[in-house]
2 protein chains.
Amino acid sequence: MLQELTEAHYSKHDYIFREGDPTEYFHIVKEGTVKCVKSTPEGKECTLKMLMPGDLFCCDAAAFDGASHPGSAQPMGDVSILRMRKKAYFEMLQRNPAAAIEVIKYLGNRLNEAQEKTKDLALDRADQRLASLLVDLATRNGIKDPNGIRLTIRLTRQDMANMVGITTETAIRIMSRFKRDRLVSGTANRLVIRDLPGLKTLASAS
Amino acid sequence: MLQELTEAHYSKHDYIFREGDPTEYFHIVKEGTVKCVKSTPEGKECTLKMLMPGDLFCCDAAAFDGASHPGSAQPMGDVSILRMRKKAYFEMLQRNPAAAIEVIKYLGNRLNEAQEKTKDLALDRADQRLASLLVDLATRNGIKDPNGIRLTIRLTRQDMANMVGITTETAIRIMSRFKRDRLVSGTANRLVIRDLPGLKTLASAS
DNA sequence: CAATAAACATGATCTATGTCATGTTTGTGA
DNA sequence: TCACAAACATGACATAGATCATGTTTATTG
C-alpha cells in the first residue's frame, strides 16, 4: 500500500523545490529541518516556516490542481524526506478517511499558526517578535543545557531576521541587547536561552 | 443526512463567537460577510480575513479538539450562516472522503493566502499592501460601475487599516493620495476602483 | 594552517509610519 | 430634522527600524 512512498536526501545549498516549480509530490520531513521561503525579485527573503521531522508539506490544494509552488523549500543541513506522487496521495486520502482527517487537523494548526504570525507582524514590535521566536524555538527545539536551554537548530541572526520580518542588522542589535540583559547567550552554533520567562514577558509586553 | 445543518442569523454589532470561546460548531457563510479578527488587550485589532458566501470556518483542528477560538468572528451587516455541531461534522467527514478532500483543498488555499499575507506584511510598504487589498477586493467583490469597479462590501478606512496592519490615519492618508492620483474614488458607502491596472502596478512595485 | 568567506558588531544617518491633536464632513437614529 | 456619533481629513512631531558604511570575530575549506 505504501510502496508509493519514497525517500529522498538533500543537503545544504540544495533546493527541494523552488517557487514557481510545478507541484509533483506530497512530502513528509523524516529527518532534519526544511525552511519554507518566499522571496522578492530584489532578493529580499521571508521565511514562512521551519519544518521539522513529522511535518507535512504540499499536503494541500497546490498539490491537487496543476498549480505551482507558492514558495521554495530549502534544507538546513542534511535532511531526508519521504514523498509520494500527488495522484497516489489523493487516492490514499480517498480510501483512508482517518488520514484525511489527520491532514485537516494538521492544516488547521498550520493555518492558526500562520494567522498568529500575521497578528504578530501587524501589531508587535521587532523585539517582541524576536523574543516570541526564541520562546517558540526553545520549547519546540531546545535541549537542556547547564545555562538554560540550547537550541538544536543552527540559526544565524540573518535566519532569525527573515523569520520575523526585520533586517539582519536589527536582529543583531536586538540579540546583542538580549545578550547584555542575560536573556540569551552564544551565537548560531550554540545559541542558549538563559531566561525563558524573561523572554516570554518581553514577547507579550504591550 | 444533513438535518444536522442549521441556519443562524446575525447582524451588525453581534458576535458569532469571540476569541477564547469554546468551539462548538463548524460554519459556512450563506449570505453576507463575516470578519475574522484578533485583538490585543490594549484594543488594537487585526483583521485576518473577510469571509464571503461559500467560505468555511472552524473547519479545522480547533473544531476537533476541545480547543477555543483563536480569534473572533463578527458579521459586517446582516449575515446568515449554516452550521453543524462539530461531532456531526467530523462524522460526516469520516463517511464522506470527497468532502474531506474538499476541506483539505479549502484549507490549503487559506494557508497559501495567509502565507502570502505574511510575506506582504514582512516585505511590502503600507501603500503597496493597501493597493493589493483594493485589487483583491475589486476582483473578488466588485461590480461594474460607470467609473470603474464598485466594491459591494462596505469598508471604512479603519477596516482597511486593520486588514493591512497600519493605523487608520495612515490608511486615510494613503487613500487620499490614491484619490488624488485618480486610482480610486468615494468612501466606505460607495468605493470605486477607477484604475485597476494602476493599483496593480503599485502593489508589485519594488 | 593559511586564506577566504560568513557571521557578528556598531555607529551615523534617513525615512516610513505611528502618535496626538484638532477640525470638517457624512451618516444615522430618536 | 435635529443632534450625536462615526468617518474622513490634515498638520506637527516622535520614533522604530531601515540603510549604508566600516570593522572585527568566527567558520570553513583548499
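Just so it is clear, the structure is predicted and the values come from calculations on it, not from any experiment. Naming convention: chains lettered A, B, ... in sequence-line order (proteins, then strands); numbering from 1 in each chain.
No donor-acceptor pair closer than 3.5 Å links the side chain of B:D124 to the backbone N or O of B:L121. Judged purely by atom type and a 3.5 angstrom limit, B:R129 uses its side chain to pair as donor or acceptor with the backbone of B:V164. A donor-acceptor contact shorter than 3.5 Å links the side chain of B:D159 to the backbone of B:T156.
Taking side-chain N and O atoms only, A:K179 has a distance below 4.0 Å to OP1 or OP2 of C:dA9. Dashed line: the shortest gap from a side-chain N or O of A:R157 to OP1 or OP2 of C:dA9 is under 4.0 Å. Of the side-chain N and O atoms in B:T168, none sit less than 4.0 angstrom from OP1 or OP2 of D:dC8. At the phosphate of D:dT10, OP1 or OP2 sits under 4.0 Å from a side-chain N or O atom of B:S176.
Ring pair A:Y89/A:F26 is parallel by interplanar angle, where below 30° counts as parallel and above 60° as perpendicular. Using cut-offs of 30° and 60° for the angle between ring planes, the B:H27 and B:F57 rings count as parallel.
The CG atom of B:L123 sits 17 Å away from the P atom of C:dA16 (whole-angstrom rounding). The nearest whole Å value for the distance from the CZ atom in A:R190 to the P atom in D:dA27 is 12 Å. For A:M76 and C:dA6, the CE to C1' distance is 14 Å, given to the nearest whole Å. Atom P of nucleotide C:dT17 and atom CG of B:N162 are separated by 16 Å, given to the nearest angstrom. At whole-Å resolution of the value, CZ in B:R177 and P in C:dA16 are 10 Å apart. At whole-Å resolution of the value, NE2 in A:H13 and P in C:dA6 are 8 Å apart. With rounding to whole Å, A:L155 atom CG is found 11 Å from C:dA7 atom P. For B:L121 and D:dG17, the CG to P distance is 14 Å, given to the nearest whole Å.
At a cut-off of 3.5 Å, with distance as the only test, a side-chain donor of B:Y106 or B:D55 sits close to an acceptor on the other residue.
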### Task
Could you walk me through whether B:S72 and B:R18 pass side-chain hydrogen bond (donor to acceptor under 3.5 Å, both in side chains), step by step?
CA-CA 4 Å; B:S72 60; B:R18 289 170 200 263; over 6 Å; no
### Message
At under 4.0 Å between heavy atoms, how does the protein contact nucleotides 18-27 of chain C? Give one character per nucleotide, 5' to 3', with B, S or -.
### Response
SBB------S
